[in-house]
Amino acid sequence: MASLRKRSVLLSGHATSIALEPEFWAVLEEMAAARGGSLAGLIGRIDAQRGERPLASACRVAALRFAQGA
């Protein structure tokens with residue numbers, strides 16, 4: 001099992017750490033680039049739409065949907 005890689009991002013002016021597997025980070029970076037934005041901006045959009053789901057889980061689901069072409 002891949003070890004988690006932790007990154008910090010600013011969300012609504014607050015530093016937040018997210019721990020994900022490197023494979024998910026790679027897909028999220030590809031997703032941000034495909035949309036012409038930054039990784040922080042992408043995570044901010046995921047955060048705004050995640051509802052009650054934990055942020056790391058929401059990031060994994062967003063990465064999965066992107067990888068599946070959804």
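Numbering starts at 1 and runs along the sequence shown. Just the heavy atoms: all of them, side chains too, but no hydrogens, waters or symmetry mates, feed the values below.
Applying the side-chain hydrogen bond (donor to acceptor under 3.5 Å, both in side chains) rule to Arg50 yields the partners Asp47; only residues at least two apart in sequence or on another chain are considered. Considering only residues two or more places apart in sequence or on other chains, Ala62 meets the side-chain contact (heavy atoms from CB on, under 4.5 Å) condition with Met31, Ile46. With sequence neighbours excluded, the residues satisfying side-chain contact (heavy atoms from CB on, under 4.5 Å) with Ser57 are Arg53, Pro54. With sequence neighbours excluded, the residues satisfying side-chain hydrogen bond (donor to acceptor under 3.5 Å, both in side chains) with Glu29 are Arg7.
To the nearest 0.5 Å, atom CH2 of residue Trp25 and atom CZ of residue Arg60 are 9.5 Å apart.
Scanning both residues, Cys59 and Leu20, for their nearest heavy atoms gives CB-CD1, 3.9 Å. Contact detail for Ser38 and Gly41: the closest heavy-atom pair is OG-N, 2.9 Å.
You'll find the side chain of Phe66 stays beyond 4.5 Å of the side chain of Leu28, heavy atoms only. At least one side-chain heavy atom of Gln68 sits under 4.5 Å from a side-chain heavy atom of Leu64.
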Can you give each donor-acceptor pair under 3.5 Å made by side-chain atoms of residues 10-18, sequence neighbours left out, with the distance rounded to 0.1 Å?
from, atom 1, to, atom 2, distance (Å)
Ser17, OG, Ser8, OG, 3.3

